[in-house]
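Chain letters run A, B, ... following the sequence lines, proteins first, then strands; residues in each count from 1.
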Amino acid sequence: MEDGMEVNKKSKRATPAESNLQWSQWQLLDSILPTGGFAHSFGLEAAIQARLVSGPEDLQTFVIHVLENTGSLLLPFVYSATMSPDLETWYKLDTTLNAMLTNEVGRKASIAQGSALMRVAAAVFSEIPALKSMRDASHGSGVVSFHHAPIYGLICGLLGLDGTASQRAYLFITMRDVVSAATRLNLVGPLGAAVLQHRIAFLAEAILKKWADRTVEEACQTSPLLDTVQGCHGYLFSRLFCS
Amino acid sequence: MESEGKVVVEMVGGRSTVTRCFSKYPLKFIVPNKGDSISCELTVGDGCTAVLTTQASTKVYKSMGSKCSEQVLETRIGSGAVLAVIPDPVTCFSTARYSQKQVFRVVSDSSLVIVDWITSGRHESGEKWDFDLYKSTNHIFLEDDQPLFLDTVLLERGSITSIAERMQDYQVIAMVVILGPKMNHIQSLVQEEVKRIMSEQLRGPPTSLGRQIITKSDHCLMKPSFIASASVFGPKGIGLVVRIAAMTTESVYRFLQHQLACLEPLLGVSPYR
């Protein structure tokens, strides 16, 4: 009887491995990780200058559309990389995504963010030598472009996160970065931004449920207006962001 | 007098059914099946030029149940060859379901012009982005199945956000792909033109956004009625893709006519004239 109660108590406590994983996972989600995410507005800056977004309500709609497009286009890459975090899969996903990111602005942003993330992860998660060796093998080879979504999935997979956790994390960091860009573009204050982020979290979860666990062949874009506007970033006379 | 055509509709199993359908050229009757699927293959040989166009806009009518109209086009373009796919826009009516896939297999010196566009429906009747499903896939592969351009646009009802909400006031979306050595000149012209049009439209950051009152009568604060962006793609930038969102179909016809006019010597026809 006493033994039974002991076992019950123990099974509720996380294993040391699971606890350590939480620390790594939170570090990956934290905006303080120096991956340069703050240089990108996901088309928001262009949307503001095109008068498509002019206040907090427009912003909320914009963020939801960005999340849905992230779900439909990029989650399959995060998922596939998490489920097979190996060099061959990574290269294949990167090549395919490079052909799918037809918007030059979005494509360059993905490469910049992916390269930075790979460099940081290889240095930070030194207990996973595969990260450093994959990076060293590919850096400067011209074989891989270092797109963001596959690398994010790859790191999650090597850390031991499951598919759902990595896809949810990817949506979270996207939401985090667009909302952060909005505060720096003076569209909303920091408190308003935090309120917005919490208010639409359930929608982000619905987007996850809808678009999770799909194959790369199913990847598609669902917001062509967003794609068109983001592509205009290069025509902006004065700009704060790279994309 | 001998008739050129005959159609008989009878009751069969409680449903109106076409039991006789006869026509002599140039008369043609089309009896739609529930959910129709059309598949075409086109090969353009080395050094040849081909132009694929439509007689009028492709109209997709309301679908019965969950059946979908599908069109598939598989093409192969040879060395030094040119293919131009310059259709009128697709218009999906209320509750329509439509899917199209176009695959282009090219070699390094093939040239290609693809226009792929859709309007929001019968907007005069208030039908704006009221269809159930529109899916358009355009894939371009180099030799050995190397993917060069992979794009699928999916507009589906019942998403977390409605299609109309994602399109805001825009009634037409279009994509133009211009690829290959014979298109270098037109690529530069189009890039310049798009940059010129958009630079006029995009204002600098507003000064005090939070306190601004936006009135419809203030012209410079209204959304542009025509938005376009051009992106280079592929090794050595051999391809250019232009994406357009516009409030009127006419403005897109004008843009296409103007930008593609210089293709006349190459194609033997001026597109969208």
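With a 4.5 Å cut-off on non-hydrogen atoms, B:Y170 touches chain A through its side chain but not through its backbone. With a 4.5 Å cut-off on non-hydrogen atoms, A:T228 touches chain B through its backbone and its side chain both. For B:L154, the parts lying under 4.5 angstrom from a heavy atom of chain A are both the backbone and the side chain. Both the backbone and the side chain of B:E165 come within contact range of chain A, with heavy atoms under 4.5 Å apart. Looking at B:A230, both its backbone and its side chain come within 4.5 Å of chain A, counting heavy atoms on both sides. Looking at A:R239, there are no atoms closer than 4.5 Å to chain B (heavy atoms on both sides), in backbone or side chain.
Your options are B:I227, B:V194, B:V241, B:V232, and the one with the most heavy-atom pairs under 4.5 Å with chain A is B:V232. In terms of non-hydrogen atom pairs under 4.5 Å with chain B, the most contact-rich of A:A206, A:G231, A:A99 is A:A99. Taking B:I173, B:L155, B:I163, B:T152 one by one and counting their heavy-atom pairs under 4.5 Å with chain A, the maximum is reached by B:T152. Most heavy-atom pairs under 4.5 Å with chain A, from the set B:G234, B:A245, B:G239, B:P224: that is B:P224. Between chain B and the residues A:S72, A:C220, A:G189, the largest count of heavy-atom pairs under 4.5 Å involves A:C220. Taking chain A as the reference chain and counting heavy-atom pairs below 4.5 Å, the highest number among B:D151, B:D169, B:V242 is found for B:D151. Note: B:I244 leads B:I244, B:V177, B:T137 in heavy-atom pairs under 4.5 Å with chain A.
Between B:R157 and B:D130 a salt bridge is recorded (basic side-chain N to carboxylate O distance below 4.0 Å). Taking a cutoff of 4.0 Å between a charged side-chain nitrogen and a carboxylate oxygen, B:E192 and B:K195 do not qualify as a salt bridge. In summary, A:E205 and A:R168 engage in a salt bridge, as defined by a charged side-chain N under 4.0 Å from a carboxylate O. Salt bridge present: A:E104 and A:K108 bring a charged side-chain N and a carboxylate O closer than 4.0 Å.
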Check against ring-ring contact (aromatic ring centres under 6.0 Å, His included), B:Y98 and B:F131: CA-CA 9 Å; B:Y98 178 74; B:F131 50 83; 9.4 Å; no
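Residue A:I111 comes nearest to A:S115 through the heavy atom pair O-OG, 2.7 Å, listed as atom of the first residue, atom of the second, then distance. Of all heavy-atom pairs between B:L133 and B:C68, the closest is CD2-SG, 3.9 Å.
A ring-centre distance under 6.0 Å is found for B:W117 and B:Y253.
The aromatic rings of B:F149 and B:F233 sit tilted relative to each other, their planes meeting at an angle between 30° and 60°.
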